[in-house]
Structure formats: C-alpha cells, structure tokens
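Some notes on the structure that comes next.
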Amino acid sequence: MRLSAYFLPTLKENPAEAQIVSHRLMLRAGMIRQTAAGIYTWLPLGWRVLRKVEQIVREEQDRAGAQELLMPTIQAAELWKESGRYDDYGKEMLRITDRHDREMLFGPTNEEMITSIFRDNVKRYRDLPKILYHIQWKFRDEVRPRFGVMRGREFLMKDAYSFDLDKAAARRSYNRMFISYMKTFARMGLKAIPMRADTGPIGGDLSHEFHILAETGESAVFVHKDFIETDWRNRDVDYDGDLQPMVDELTGTYAVTEEKHDPAVAAALGDNLVSARGIEVGHIFNFGTKYSKAMNAVVAGPNGENVTVEMGSYGIGVSRLVGALIEAYHDDAGIIWPEAVAPFKVGLINLKKGDPRCDAACETLYRAFGSDVLYDNRDDRAGVKFADMDLIGLPWQVIVGPKGIAGGKVELKSRQTGDRQELSLEAVLERFGV
RNA sequence: CGGGGCGUAGCUCAGCCUGGUAGAGCGCUAGCUUUGGGAGCUAGAAGCCGGAGGUUCGAAUCCUCUCGCCCCGACCA
C-alpha cells in the first residue's frame, strides 16, 4: 500500500477523551474513530489488525476441533424468554422493536441461539461431541463504556459452545478450549494467565478467566510469580490426546481473580505472590445443563433414553485484544506490533521522493514486498515520516535515503529494539525472503 | 445509577467570572526557501461557540431546559 493513497488519519496530539495508552494510540495511529459512547469505526489500519487477531483466533479454534458458523446479531426475544434470561439480563441488553411490534434484541451473547440450533438439529448421542463457534459483533449496553475498545458497547467476540453427553466429556471439551486459548494468546505474543474465576450469573462450577497483566487492567488479580516466568509459546499440543495433565499443570500454581482470592492461601506464598492488574481477554465456562435443561436440548443416549446435554461456553474478546496488545507493546513514540498481528510487516520510507535513485530503489522494494508493506511515498519531511512510522508501529522499517543509496545501501530498523543496520537492497530482500 | 467535569476551527485549547466585531498554536491550501527525527517565511480557507427557549438594545458569555462526551465509584460473560 502506498501511504499517499492510504486512508491513515494520524494525529499529532492526544485527543482529550482518551485516557489510557491503547485508546490514545489507536486514535493517534488512525486505527479507530469513535462514533458514539463505546461504539467505534475501525479505520483501514485498525481493521487490518483486527482481522489478523481474528484470524489467529479462528485458526486455533479450528485446530482444537471447533467448527465455525455465523449467527446473526439480532435475535428474537422469544428465545431468551425460554431460558429466563430475557428478564434477568436487565438494561445491558439492547432491546429493539421491529415494525410489527415484535420484541427483538441485539445479541450480547449467544447461548440461547446456539442451544436452539443444536436441539433442532442434533438428536442422537453419536453426533457428540460438538464445539461450535462464531466470531460476531456483540452489543452490551454498558452503563459506563470506557478505555476505547477495551470496554466498548459494541465489540467483536469469539464465542464457542460445547455440547457433550456427560460431565467427563464436557471436561474434555473444556480442556480443549483451555489449551487452545493458551496457544491463541501465545501466538499473538501475549502471556495470558488462566485464573480461577467466578461463574457469575452464567452459572456452573468451573470457570477460568484469561488475563494479560497490565497496569491499566480493570481487574485485580493475584498470581504466583512462577507462573509469570513460565513461557508457553513453543509447547506442542495433541488435541486428541489427554489434555488433563497439561491443564493441571497450568492450573497448579496460584492464579485467581479478586472474587476467588483466598488471603489465607495467598499468605502462605509469601514473596512469591504477585498482586497485579489484569485485562480479561478470555473467559471459559462449564455450566452443565443450565441452558440445555431450560431449553430442552436432549439427545437419544446409548440406551435410548433422553439425555440432557452438558454444555460449556468459551469467549475471547477479539476487539479488546487489539487494545490489550497495545497496552502490552508500546513505548513513548507509539505502538510496537508483534509481527503476528502487525497491520503490515514492513514500513518503507522514501526519505527523498523525487530523487531518481531513491524512487527506483523504493519501487523495487515495494514490488518485492507485495501486500505486506506500507510505502511512505509522501512528499514530506523525514521527521514526519519517522514519527508516523514509529507511531503506527510496524515491526520493520526500511529507510531509503540519498546518502545510503549512493553507496547502494538502505537502512533496516527494528521498531522494537531500535537497532539499525545498513544493508544492500539484495540483502534486505533476502532477509525477508522476498 | 450516584458523584465530578467538559462541549468554541480537523486536533489541543484560550475567551465566559465582569454581555459589546470569534481567537491562538498545530493541522489544511498556495507560493518561495528548506530537506536523515513532527522546518521557516508569506498569503489564504476554515466556526449556527452542542441544541432549544428565555433575559437584554445586544448573548460564546447570564438564566432554564435538553442532548452529547469524559473521569471516579457502583455494575460487568
């Protein structure tokens, strides 16, 4: 993409309404614009990141054996009356009336809808287990939306739902999702810590929240420091094998949210206890038959009897992750994207547009990098280009200037470390395998 | 939902107390000069001062109502 043609409205100054760093940087880097409280437009650069995050989530869900579908954003109130949550959910649910005066709602979550789809189409135990998921916009009419996309009212969420014949099988589904979450966050360069959590109004007895530690996190969390030091990124996982030992290992150290905090147990940890703030990026529940019972989701069991299926649900805040990533990866100059989620891998800076040698070298590089490069071909001063490129945080900058190019050299700068090296054009192309 | 704050140019803000021609910096447009870390000079464009009522000869400014946004708390699959 040529920057001269790209829709990238960066801001030099901090917008007054943005208090936390990820919100400020998303606005300044031209990723989002607010359109109402807690409701945002994703501009091209932000949208690219959101799609990359979404794609990683999707790939890891698929790998864990979940199947993607897509449910609508608008739901009929009837479904929610079946489960009893139409009244329970309260004002967080955005209720809508259509032209025929039918009660509708903008879905805050999809347990009811998926349960109805399941019960209408799966009738025999041999079709179990099933894990179904979608990545869809949700709306929760938060009393106080804040922190940009971290707590928006409209947000993109991956929600998966498991259906099993019995509790042991349900636990296996839970474990699959548990492990896939670890893999998902690790692929993005994030260290997520699974914490025993309250099940809240959703019910059930088994639940974990996945938190990214950050000063700006909304939740108070307590964790054994050993966990923080564990690196999870290169673990191999066999989803068809027994995942319980791995889950046990990951839940064996003390890590809890505030609601589950036990001061007595924590005291025994002494200096090993870390009290921190966390951003909740995932939450998984095993809630048994809460919905299947209320909504009559049953299958014919091995002996011909009706069995109410065991369910679980598994959420990842996809749009919130974009904010969490920035909270985790930034400096004073701007964002520092991990490569896996960077909107472009390389930022190409032409320091002297109009100079035949600079232009020619840039065109060569631009063509070679293909779709993964953002080429700053604007007729601007060097400082402006450096500042913008640092702000939007592409992992690599290739800087082409008249001084270097006279000797056939360009500069390769790492956004993360700031290290620069002079390389020939060929060496740069080889470095990136293009 | 309680408490607090703010709506004036694209952005950051001054002006309001004490009513009297709508302002600055950055950004934008054009020209000239510059050109490796957010340049300089010159000339411009740009605002229903969030909205509606009211007071007044006269309202960005005072009063009433209203809408929106932000922060703290409570809330939060």
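Throughout, protein chains are lettered first and strands after them, A, B, ... in sequence-line order, and every chain is numbered starting at 1. Just so it is clear, the structure is predicted and the values come from calculations on it, not from any experiment.
Residue A/Ile392 contributes atom CD1, which lies 18 Å from atom P of B/G38 at whole-angstrom precision. Between the CZ atom of A/Arg381 and the P atom of B/U33 there is a distance of 14 Å, given to the nearest Å.
Ranking B/G37, B/G36, B/G38 by closeness to the A/Leu391 side chain, first place goes to B/G38. The nucleotide whose nearest atom lies closest to any side-chain atom of A/Ala382 is, among B/C71, B/G38, B/G37, B/G37. Considering only side-chain atoms of A/Gln19, the nucleotide from B/G37, B/C71, B/C26 that sits closest is B/C71.
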Taking N or O atoms only and anything under 3.5 Å, show me the protein contacts with nucleotides 7-15 of chain B, one pair per line.
unit_1	atom_1	unit_2	atom_2	d
B/C11	O2	A/Glu13	OE1	3.2
B/U12	OP1	A/Ala16	N	2.5

Atom pairs, N/O to N/O, protein against nucleotides 72-75 of chain B, distance under 3.5 Å?
unit_1	atom_1	unit_2	atom_2	d
B/C72	OP2	A/Arg144	NH1	3.1
B/C72	OP2	A/Arg144	NH2	2.8
B/C72	N4	A/Arg144	NE	3.4
B/A74	N6	A/Arg146	NH2	3.4
B/C75	N4	A/Arg146	NH2	3.1

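One side chain, A/Asp62 or A/Tyr133, offers a donor N or O that lies under 3.5 Å from an acceptor on the other. A side-chain donor-acceptor contact under 3.5 Å links A/Glu327 and A/Ser22.
Comparing the same atom, C1', in B/A39 and in B/U18 gives a spacing of 42 Å after rounding to whole Å. Annotation: B/C17 and B/G51 have their C1' atoms spaced 24 Å apart (nearest Å).
Judged by Watson-Crick or G-U wobble contacts below 3.5 Å, the nucleotide B/U12 has B/A24 as its partner. B/G2 and B/C72 make up a base pair, with Watson-Crick or G-U wobble contacts both under 3.5 Å.
For A/Asp390 against B/G37, a side-chain N or O and a base N or O form a donor-acceptor pair under 3.5 Å.
Under 4.0 angstrom from either OP1 or OP2 of B/C70 there lies at least one side-chain N or O belonging to A/Gln34.
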